[in-house]
Amino acid sequence: MQYVLSKFKLRPDAVESAKKFLAEINHKQKEMAEVLSDAAMSLDCSFVDTTPEGSFLFVFKRIEDHEKLRKEMANSKLGIYDSIREWAAKSIEGEGQELRALAVFEAL
């Protein structure tokens, strides 16, 4: 089991859309249950933090395998992944739209 923390810098005009998008994703329980199952993920938490350096989206996950999740997100036919990729392309600064780990911890 791995614990993964990812950090994405949001474009300045994307903070409110990030909060709205996270709320929409939270209401798609059936699709999110499939995502969690397909990616062998048992926890997925996200929040937005604003600092003097800008606003950031943090995502914390408990998953079986970080690499498996990356592949699942890239190849899945679930519509929710398309929504996530589309939102990320418009809202995340730089090349951070791909799932990248800030920190990965192994469960003991």
Side-chain angles (χ1 to χ4, degrees):
M1 185 69 63
Q2 295 178 325
Y3 296 85
V4 179
L5 176 63
S6 300
K7 176 182 177 183
F8 305 95
K9 185 164 188 184
L10 296 171
R11 293 189 173 123
D13 60 343
V15 175
E16 289 308 312
S17 75
K19 293 176 184 177
K20 182 180 176 188
F21 183 73
L22 292 173
E24 288 172 11
I25 291 289
N26 194 44
H27 284 78
K28 295 183 177 185
Q29 296 297 316
K30 184 177 179 187
E31 282 183 275
M32 284 308 295
E34 284 185 68
V35 168
L36 294 173
S37 175
D38 290 351
M41 190 177 352
S42 55
L43 176 68
D44 185 10
C45 301
S46 304
F47 65 92
V48 174
D49 186 35
T50 300
T51 71
E53 292 82 31
S55 295
F56 299 88
L57 171 65
F58 289 88
V59 182
F60 182 74
K61 299 178 181 307
R62 182 172 61 199
I63 56 178
E64 287 295 325
D65 183 337
H66 185 245
E67 198 55 39
K68 179 181 178 180
L69 175 61
R70 289 170 59 104
K71 289 177 185 172
E72 180 65 33
M73 287 184 75
N75 300 316
S76 178
K77 303 297 184 221
L78 288 175
I80 198 163
Y81 284 121
D82 291 335
S83 298
I84 292 169
R85 284 188 286 268
E86 182 181 308
W87 175 84
K90 292 187 292 188
S91 304
I92 294 176
E93 252 184 38
E95 298 178 25
Q97 298 152 357
E98 175 185 331
L99 179 67
R100 248 186 258 147
L102 180 64
V104 177
F105 305 94
E106 297 287 335
L108 300 176

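Since this is a predicted model, take the numbers as computed values, not measurements. We count residues from 1, following the sequence as given.
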Measuring from [X]:[atom1] to [Y]:[atom2], what's the distance to the nearest 0.5 Å?
X: Lys28; Y: Ser83; atom1: NZ; atom2: OG; value: 4.5 Å
X: Ser55; Y: Asp13; atom1: OG; atom2: CG; value: 10.5 Å
X: Lys7; Y: Leu57; atom1: NZ; atom2: CG; value: 11.5 Å
X: Ser91; Y: Phe8; atom1: OG; atom2: CZ; value: 12.0 Å

Worksheet item: Got a sec, which residues hit side-chain contact (heavy atoms from CB on, under 4.5 Å) with Glu86, two or more places apart in sequence or on another chain?
Response: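 Listed in chain order: Lys90.
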Item to complete: Using the test side-chain contact (heavy atoms from CB on, under 4.5 Å), find all partners of Lys9 that sit at least two apart in sequence or belong to another chain.
Response: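 With neighbours one apart ignored, the set is Phe56, Glu93.
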Discussion item. I need the full list of salt bridge (Lys or Arg N to Asp or Glu O under 4.0 Å) pairs touching residues 39-52, with sequence neighbours left out, sorted by first then second residue.
Written reply: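 Listed once each, the pairs are Asp44-Lys61.
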Item to complete: Dump the intermediate steps for side chain to side chain contact (heavy atoms under 4.5 Å, CB included) on Ile84 and Phe21, then the final yes or no.
Response: CA-CA 9 Å; Ile84 292 169; Phe21 183 73; 3.9 Å; yes
Worksheet item: Would a 4.5 Å heavy-atom cut-off, applied to side chains only, mark Glu64 and Gln2 as touching?
Response: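 Heavy-atom side-chain distance check fails, nothing below 4.5 Å.
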Fill in: For Ser46, side chain to side chain donor-acceptor pair (under 3.5 Å) partners two or more places apart
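Once residues adjacent in sequence are excluded, Ser46 has no partner under the side chain to side chain donor-acceptor pair (under 3.5 Å) criterion.
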Worksheet entry | Contacts of Phe60 that satisfy ring-ring contact (aromatic ring centres under 6.0 Å, His included) - sequence neighbours left out |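 In terms of ring-ring contact (aromatic ring centres under 6.0 Å, His included), with neighbours along the sequence ignored, Phe60 is linked to no residue.
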Discussion item. Checking Lys19 now: which residues fulfil salt bridge (charged side-chain N to carboxylate O under 4.0 Å, His left out) with it, not counting sequence neighbours?
Written reply: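 For Lys19, the residues satisfying salt bridge (charged side-chain N to carboxylate O under 4.0 Å, His left out) (neighbours in sequence not counted) are Glu16.
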